[in-house]
Amino acid sequence: MKKSPAELRQDFVRNVQLRHLRAFVAVAQERHLARAAERLALSQPAVSKTLSELEAVVGTRLVERSQAGRRGVQGLTPAGEQLLAHALRVLEALDASAQAVAPSEGGRIERLRIGALPSVAPALLPVALARLREGWPAVQILVKSAANAVLLDELRAGELDLVVGRMSDPRLMGGLSFELLHTEPLVFAVRAGHPLARDPKAASVLEVLGYPLVVYGEGTIPRHNTESFLSARGLALPRNALQTLDVAVARALVGVSDAVWITPLGAARSELADGRLVRLPIETAGTEEPVGLLQRSEAEPSPLRAAMAGLLREAAKQQGALPQISPRRLK
């Protein structure tokens, strides 16, 4: 006889244990049974058995196993994604309770894990991080720069506390909130003294294609906008364009060569302001892309996270007018 939803909920409450949730979160974050087992100091069969027990309690599959081998994990099922958000909250609350009743010697070390797009981090993070350090001198801060999809996956899995990034496919935004900070267009940046900078009249898009290009990697929003910008003018991105997400490499290369860097404004703002780079007079209206603050909707409230969010808003205001828009939760 099939159990009713109420009976299934009762079974879950009665039978689920913390070891089930810990194993599930470890597998979700590591995407690999063996690595999850090593993290939990357990054997791989023990983790696999614990995960199977949890799926039996829930009554549905939570993890998609890799076809290539029993240790790999392709990802979470929709039910697994929903359970992960709640499991993280349970473990965060448990950790907070443990600290309250038995604080560690010398007090609790707070930690903030921030994700940021390579094209966004240079403009927004430095000032915000410096001010955060003034108010929270003992906090442990980790900053990770990566592609948007990677950052959102790690945010959803609880490996990052907040992300400065871009909206993604709505199907990938479940459980996350997005707050607009500002928008930024693409710019064509070259070194001071570049032939195109000396003769602005020659700085057409067609002329630019005659020089080496530095662009973002495939699958990124800046790369998509670059290709769309060129396509709208009947042009195509040359196959020999150098591709990199590393803005430091891009800036250095453009600084010592005649390469042209096609980049979101924020990544080159400081160098453009002090004259190390020059923005070519090429109209890029329509390439503006929203940059925002992403957080887990169900995350436990955190004064530290709230403080960093406020500082990022202030940093965004310094980049231009900040639209009066409220955070919205995406289901």
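The basis for the numbers below is simple: all heavy atoms, side chains too, and nothing from hydrogens, waters or symmetry mates.
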*Asks:* Checking T287 side chain against P185 main chain: does a donor-acceptor pair fall under 3.5 Å?
*Replies:* no
*Asks:* Examine distances only and state if a side-chain atom of E283 and a backbone atom of A285 form a donor-acceptor pair shorter than 3.5 Å.
*Replies:* yes
*Asks:* Spell out, yes or no, whether L181 and L112 are grouped together once hydrophobic residues are joined by side-chain heavy atoms under 4.5 Å, including indirect joins.
*Replies:* yes
*Asks:* Grouping I, L, V, M, F, W and Y whenever their side-chain heavy atoms are under 4.5 Å apart, do L162 and I141 come out in a common cluster?
*Replies:* yes
*Asks:* Does E38 CD have over 12 foreign heavy atoms under 6.0 Å away?
*Replies:* no
*Asks:* Hey, does N148 have a side-chain heavy atom less than 4.5 Å from the side chain of I221?
*Replies:* no
*Asks:* Taking 4.0 angstrom as the limit, do R313 and E179 come out as a salt bridge?
*Replies:* yes
*Asks:* Using ring pair (Phe, Tyr, Trp, His ring centres under 6.0 Å) as the criterion, list what pairs up with F188, not counting sequence neighbours.
*Replies:* F229
*Asks:* Identify which one of N240, L237, L242 satisfies the side-chain contact (heavy atoms from CB on, under 4.5 Å) criterion when paired with L213.
*Replies:* L237
*Asks:* Do E64 and L76 make a side-chain contact, defined as non-hydrogen atoms from C-beta onward lying under 4.5 Å apart?
*Replies:* no
*Asks:* Using a 3.5 Å cut-off and no angle test, enumerate the donor-acceptor pairs between side-chain atoms of residues 250-267 and protein atoms at least two apart in sequence or in another chain.
*Replies:*
unit_1, atom_1, unit_2, atom_2, d
R251, NE, E271, OE2, 3.4
R251, NH1, A267, O, 3.1
S257, OG, L253, O, 2.7
S257, OG, A259, N, 3.2
D258, OD1, R191, NE, 3.3
D258, OD1, R191, NH2, 2.6
T263, OG1, Y216, OH, 2.7

*Asks:* In the single-linkage hydrophobic clustering (I, L, V, M, F, W, Y; side-chain heavy atoms under 4.5 Å), do L293 and L155 co-cluster?
*Replies:* yes
*Asks:* Between the main-chain N or O of L62 and the side-chain N or O of E55, is there a donor-acceptor pair closer than 3.5 Å?
*Replies:* yes
*Asks:* Can you spot which of E154, R39, E159 makes a side chain to side chain donor-acceptor pair (under 3.5 Å) with Q29?
*Replies:* R39
*Asks:* Between E53 and R19, is the salt bridge (Lys or Arg N to Asp or Glu O under 4.0 Å) condition met? List the steps.
*Replies:* CA-CA 10 Å; E53 289 176 359; R19 65 183 180 87; 2.9 Å; yes
*Asks:* Give a yes or no on whether V278 and L209 share a hydrophobic cluster (residues Ile, Leu, Val, Met, Phe, Trp, Tyr; joining criterion: side-chain heavy atoms under 4.5 Å apart).
*Replies:* yes
*Asks:* Does G158 offer a backbone N or O that forms a donor-acceptor pair with the side chain of R113 under 3.5 Å?
*Replies:* yes
*Asks:* Closest approach of R279 and L186, non-hydrogen atoms and distance?
*Replies:* NH2-O, 4.2 Å
*Asks:* What heavy-atom pair brings F24 and L51 nearest, and what distance separates the two atoms?
*Replies:* CD1-CD1, 4.0 Å
*Asks:* Might you point out which heavy atoms bring V57 and V16 nearest each other, and give the distance in Å?
*Replies:* CG1-N, 4.3 Å
*Asks:* If you measure from the Lys or Arg side-chain nitrogens to the Asp or Glu carboxylate oxygens, is any gap between K317 and E314 under 4.0 Å?
*Replies:* yes
*Asks:* Which heavy atom in A197 sits nearest to a heavy atom in V190, and how many Å separate them?
*Replies:* CB-CG2, 4.1 Å
*Asks:* Any sub-3.5 Å donor-acceptor pair from S48's side-chain atoms to Q44's backbone N or O?
*Replies:* no
*Asks:* Identify the residue among V120, V143, L311, L132 that makes a side-chain contact (heavy atoms from CB on, under 4.5 Å) with L125.
*Replies:* V143
*Asks:* Identify the two heavy atoms, one from L117 and one from A147, that lie closest to each other, and give their separation to 0.1 Å.
*Replies:* CD2-C, 4.0 Å
*Asks:* Which heavy-atom pair separates E110 from V139 by the least distance, and what is that distance?
*Replies:* O-CG2, 3.4 Å
*Asks:* Residues in ring pair (Phe, Tyr, Trp, His ring centres under 6.0 Å) with H20, at least two apart?
*Replies:* none
*Asks:* Look only at the side chain of T77 and the backbone of R61, and say whether a donor-acceptor pair between them is shorter than 3.5 Å.
*Replies:* yes
*Asks:* Just wondering, are more than 12 heavy atoms of other shown residues or ligands nearer than 6.0 Å to CZ in R133?
*Replies:* yes
*Asks:* Would you say D161's side chain and I114's backbone share a donor-acceptor pair under 3.5 angstrom?
*Replies:* no
